[in-house]
A.B. asks: 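Have a look at the structure that comes next, please.
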There are 2 protein chains.
Amino acid sequence: MTARRGGGPTMHDVGKLAQVSAMTVSRVLKNDPGVSEETRERVFAAVDRLGYRRNETARSLRLGGSGMIGLVVTNLANPFYSRLALGVQEVATEHGFRMLLSNSAEQAGREPGIIDGLIDHQVEGLIVVPAGSRQQHLAAAMRHVPVVLAARPPAGLDTDCVLVEDFHGAFEATACLLAEGHSRIAFLGNPPALYTGAERLRGFWAAHEEAGIEPDNALIHQGLVDAATAERAADELLDRPEGPTALFCTNNRISQGAIRALYKRGTVLPLAGFDDFDLSDVLGLPLTLVSYDADEIGRQAARLLIDRLHHQDAEPPASRRVTVPTRVIRHGARPGDHPSSAPPPGA
Amino acid sequence: MTARRGGGPTMHDVGKLAQVSAMTVSRVLKNDPGVSEETRERVFAAVDRLGYRRNETARSLRLGGSGMIGLVVTNLANPFYSRLALGVQEVATEHGFRMLLSNSAEQAGREPGIIDGLIDHQVEGLIVVPAGSRQQHLAAAMRHVPVVLAARPPAGLDTDCVLVEDFHGAFEATACLLAEGHSRIAFLGNPPALYTGAERLRGFWAAHEEAGIEPDNALIHQGLVDAATAERAADELLDRPEGPTALFCTNNRISQGAIRALYKRGTVLPLAGFDDFDLSDVLGLPLTLVSYDADEIGRQAARLLIDRLHHQDAEPPASRRVTVPTRVIRHGARPGDHPSSAPPPGA
DNA sequence: CTGTTAGCGCATTCAG
DNA sequence: CTGAATGCGCTAACAG
């Protein structure tokens with residue numbers, strides 16, 4: 001019963017049934033005004049009867065544009081990237097584009113192949129969260145279609161990107177802890193080869209300088225890639241005699257690993273970190289989280305890309321850099337042992 | 001510098017440069033053995049020099065298969081669905097298919113249009129998590145391509161599906177609470193029009209019958225759609241003088257809403273629910289969670305679909321129903337006020 | 001081992 | 001208002 005490869009009805013079939021040429025069918029489906037109401041109805045009737053659907057593949061070939069944009073993220077299971085994807089899809093849909101999504105699974109080596117595949121499928125543009133720090137394959141991709149980077153800036157590439165206020169967010173959150181009198185704050189960070197890692201460390205450091213406090217290098221632990229490695233790093237730091245009095249984590253997974261380490265040993269320590277996450281408000285921990293709208297990163301990236309797609313004939317404008325703002329969210333510690341009844345303080 | 005619509009080099013261009021016909025280029029790129037090593041190298045050189053990429057759109061048109069399958073989920077921001085999507089992509093990639101992903105945003109009304117669009121783009125098959133209970137549009141889609149349902153069963157449709165052990169999981173988790181002596185367990189459920197909602201209530205109810213306990217209808221609250229509505233429902237239940245002594249929640253978002261309600265009033269109540277979630281182990285609440293591998297749902301669905309794609313010529317086999325197993329995870333309450341040092345009990 | 005012919009389904013261009 | 005011819009980029013099928 002199901003149609004087979006190359007088996008569905010074509011415009012010719014519809015035309016035959018409606019007693020017109022394929023050309024007229026094409027016009028009707030395109031809402032071309034130059035068709036009589038009468039034939040128009042006959043065509044629609046035939047379309048319905050056959051369950052005809054226009055072949056967008058053939059249409060793309062003829063028109064020279066697929067109507068698709070590609071999105072490459074590093075980890076769709078991370079809510080950050082799934083929100084970003086939703087933002088991209090929202091704007092893409094508004095502008096009549098479909099989104100072709102691929103996940104690089106944080107393996108930088110897979111990214112070039114993924115991108116080549118998307119280009120082969122005639123995406124008209126790409127939004128990429130680069131998995132690694134080498135970007136020559138992106139330069140190659142730009143020979144075919146416009147590329148917009150998300151969450152990480154171009155390195156040796158001239159193209160648009162959408163970033164979070166990494167430095168500023170890290171600065172602010174760290175400053176909160178420092179203002180409360182903490183001077184031994186541990187830094188749990190992702191690999192510094194990643195832009196976000198480096199930039200957030202810079203903010204952490206700058207906040208210390210501004211407060212006239214020298215960060216202790218022994219408390220800085222970079223290169224963490226997931227909650228498990230973060231948990232081990234936090235374990236190690238917390239076991240020291242001269243341990244930290246507060247923690248700073250550069251992303252949601254690292255925060256979660258650190259929280260698990262704290263929970264295991266029954267320690268309550270103020271924790272600051274990038275990315276808000278589900279249930280952060282009910283952990284009963286003093287949290288200072290740098291929050292931002294991940295959907296908005298996707299929306300902005302899609303807007304930059306589609307804008308370029310609409311002005312492809314013109315001289316390409318200078319590359320743009322858009323920044324999505326952060327704001328600090330604070331959650332209080334659980335008031336008592338079993339909290340009595342008061343909601344946690346803080347905004 | 002970037003290539004424009006219909007602007008990239010074609011096989012003819014490559015052929016001209018390599019001094020062969022387009023046909024030979026096609027053969028080289030397809031790894032056809034019948035080409036001399038010499039010309040093969042010339043062709044590859046020309047490909048490199050031009051940055052040539054084969055046009056998969058044209059190829060699809062000619063070959064009659066796009067190499068794409070469509071996935072429609074209801075809410076990509078829910079980790080359940082993003083994991084499912086990763087599972088689909090994993091298997092799809094193994095078999096040389098790409099995944100075209102769309103999000104229906106839980107709006108059943110958008111689903112038909114989304115599916116039509118995917119069919120227009122020549123997906124060879126569809127995996128759908130139906131947003132609503134009406135499925136005629138899926139019957140229409142099946143006229144074009146095979147359709148596999150995920151997480152929800154077909155209603156009046158003859159097709160494959162992959163389900164979770166909804167009944168069994170709900171039964172087991174409820175039985176745990178009952179075995180601990182709870183007889184007033186509140187049920188916080190999604191709309192019963194959804195299969196999962198109905199089935200999980202059935203499991204909840206059956207566990208009560210098995211234990212010889214009559215569930216209190218006043219404690220059953222269905223129709224919850226997100227964490228916020230669940231929180232309000234839990235608020236209402238917990239404020240009653242004759243409130244529940246434990247809660248059962250039918251999915252992760254409802255659990256999170258209920259947990260927030262508990263936290264607000266400083267109440268510690270055993271909570272059972274479907275779906276494990278991040279940090280469930282560090283909340284210090286007695287949790288009984290029905291966990292399962294969401295990726296596996298996606299993998300199985302993709303396998304069923306691709307299996308059908310590979311046997312399209314043959315008589316279509318009877319529709320299959322695959323079930324993904326659940327297991328119950330238990331987390332203990334936080335030992336003391338500030339936990340001293342013992343990790344929480346439970347597996 | 002390589003080239004020529006023809007056509008996948010559609011839409012632009014030009015005739016009527 | 002409608003139709004016929006032509007070609008988008010690619011590849012089976014058939015020459016040579």
Side-chain angles (χ1 to χ4, degrees), chain A residues 3-44 46-47 50-68 119-124 144, chain B residues 3-44 46-47 50-68 119-124 144:
Chain A
R4 284 294 65 74
R5 318 201 132 204
T10 75
M11 281 189 176
H12 274 96
D13 301 325
V14 175
K16 215 180 322 174
L17 189 60
Q19 321 214 39
V20 293
S21 75
M23 198 52 238
T24 299
V25 177
S26 173
R27 283 198 259 262
V28 170
L29 265 39
K30 188 193 317 181
N31 271 321
D32 193 314
V35 183
S36 79
E37 192 51 40
E38 197 178 12
T39 46
R40 181 182 231 70
E41 277 168 16
R42 276 212 317 287
V43 168
F44 276 129
V47 165
L50 295 176
Y52 171 79
R53 298 250 98 220
R54 188 162 59 180
N55 184 333
E56 284 295 324
T57 296
R59 191 175 155 83
S60 303
L61 183 60
R62 183 64 235 251
L63 298 178
S66 64
M68 301 197 293
I119 289 175
D120 293 351
H121 279 279
Q122 302 301 110
V123 295
E124 297 186 35
H144 295 95
Chain B
R4 283 296 66 73
R5 315 203 136 203
T10 74
M11 280 190 177
H12 275 96
D13 301 325
V14 174
K16 214 180 321 173
L17 188 59
Q19 321 213 35
V20 293
S21 74
M23 196 56 231
T24 299
V25 177
S26 173
R27 282 198 260 260
V28 169
L29 265 38
K30 188 195 315 181
N31 271 321
D32 194 313
V35 183
S36 80
E37 194 50 40
E38 196 178 13
T39 44
R40 182 181 231 71
E41 277 167 18
R42 278 213 314 286
V43 168
F44 277 128
V47 165
L50 296 176
Y52 171 79
R53 298 249 98 219
R54 188 163 58 181
N55 183 333
E56 284 295 325
T57 296
R59 191 173 153 85
S60 303
L61 184 59
R62 182 64 235 246
L63 298 178
S66 64
M68 301 199 293
I119 289 175
D120 292 351
H121 277 279
Q122 302 302 109
V123 295
E124 298 187 33
H144 294 94

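Here the structure is a predicted model, which means the values were calculated and not measured. By convention in this document, chain letters (A, B, ...) are assigned in the order of the sequence lines, proteins followed by strands, and residues within each chain are numbered from 1. Only this structure's heavy atoms are used, side chains among them; waters, hydrogens and symmetry mates stay out.
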A.B. asks: Out of C/dA11, D/dT2, C/dC10, which has the shortest distance to the side chain of A/Ser36?
C.D. replies: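 Nearest listed nucleotide: D/dT2.
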A.B. asks: Report yes if a donor N or O on one partner sits less than 3.5 Å from an acceptor N or O on the other, where the partners are the side chain of B/Arg62 and the base of C/dG9; otherwise report no.
C.D. replies: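 It does not, because no donor-acceptor pair links the side chain of B/Arg62 to the base of C/dG9 below 3.5 Å.
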A.B. asks: Below 4.0 angstrom, N of the basic side chain to O of the carboxylate: do A/Arg54 and B/Asp120 qualify?
C.D. replies: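 Answer for the salt bridge query: no.
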A.B. asks: Side chain of A/Ser21 only, please: which of D/dG3, D/dC8, D/dC1 is the nearest?
C.D. replies: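 Out of D/dG3, D/dC8, D/dC1, the nucleotide with an atom closest to A/Ser21's side chain is D/dG3.
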A.B. asks: Considering just the side-chain nitrogens and oxygens of B/Tyr52, establish if one lies under 4.0 Å of OP1 or OP2 belonging to D/dG9.
C.D. replies: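 So the side-chain polar atoms of B/Tyr52 never come under 4.0 Å of the phosphate oxygens OP1 or OP2 of D/dG9.
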A.B. asks: Choose from D/dC10, D/dT2, D/dA4 the nucleotide whose nearest atom is closest to any side-chain atom of B/Arg54.
C.D. replies: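 Between D/dC10, D/dT2, D/dA4, the one nearest the side chain of B/Arg54 would be D/dC10.
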A.B. asks: Of all the heavy-atom pairs spanning B/Thr57 and A/Ser60, show the shortest one and how long it is.
C.D. replies: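 So the two residues come closest at CG2-CB, 4.0 Å.
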A.B. asks: Taking CG from A/Leu61 and C1' from C/dT12, how many angstroms apart are they, rounded to a whole number?
C.D. replies: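 Result: 13 Å.
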A.B. asks: Should B/Arg59 be listed as having a side-chain N or O under 4.0 Å from OP1 or OP2 of D/dT11?
C.D. replies: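 B/Arg59 to D/dT11 OP1/OP2: side-chain N or O found under 4.0 Å.
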A.B. asks: If you assign B/Pro33 and A/Glu56 each to the DNA chain C nucleotide with the nearest heavy atom, which residue ends up on the more 5' nucleotide?
C.D. replies: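 Looking at DNA chain C, the more 5' nearest nucleotide goes with B/Pro33.
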A.B. asks: With respect to the side chain of A/Lys30, which nucleotide from D/dA12, D/dA13, C/dA11 is positioned closest?
C.D. replies: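 Out of D/dA12, D/dA13, C/dA11, the nucleotide with an atom closest to A/Lys30's side chain is C/dA11.
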A.B. asks: Of all the choices, D/dT11, C/dC10, D/dG9, which nucleotide is nearest to the side chain of A/Met11 once you look at every atom?
C.D. replies: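 Of the candidates, C/dC10 comes closest.
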A.B. asks: Can any side-chain N or O of B/Gln122 pair as donor or acceptor with the backbone N or O of A/Asn55 at less than 3.5 Å?
C.D. replies: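 No: the side chain of B/Gln122 does not pair with the backbone of A/Asn55.
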A.B. asks: Just by distance, do the side chain of B/Ser26 and the backbone of B/Ala22 share a donor-acceptor pair under 3.5 Å?
C.D. replies: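 Side chain of B/Ser26 to backbone of B/Ala22, a donor-acceptor pair under 3.5 Å: no, none is there.
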A.B. asks: Let me spell it out: for each of B/Ala58 and B/Ala22, pick the nucleotide of DNA chain C with the closest heavy atom. Which residue's pick is nearer the 5' end?
C.D. replies: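 That would be B/Ala22.
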A.B. asks: How many Å lie between CD on B/Gln122 and C1' on C/dG9, as a whole number?
C.D. replies: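 Result: 9 Å.
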A.B. asks: So which nucleotide from C/dT2, C/dG9, C/dT12 ends up closest to the side chain of B/Val35?
C.D. replies: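 Output: C/dT2.
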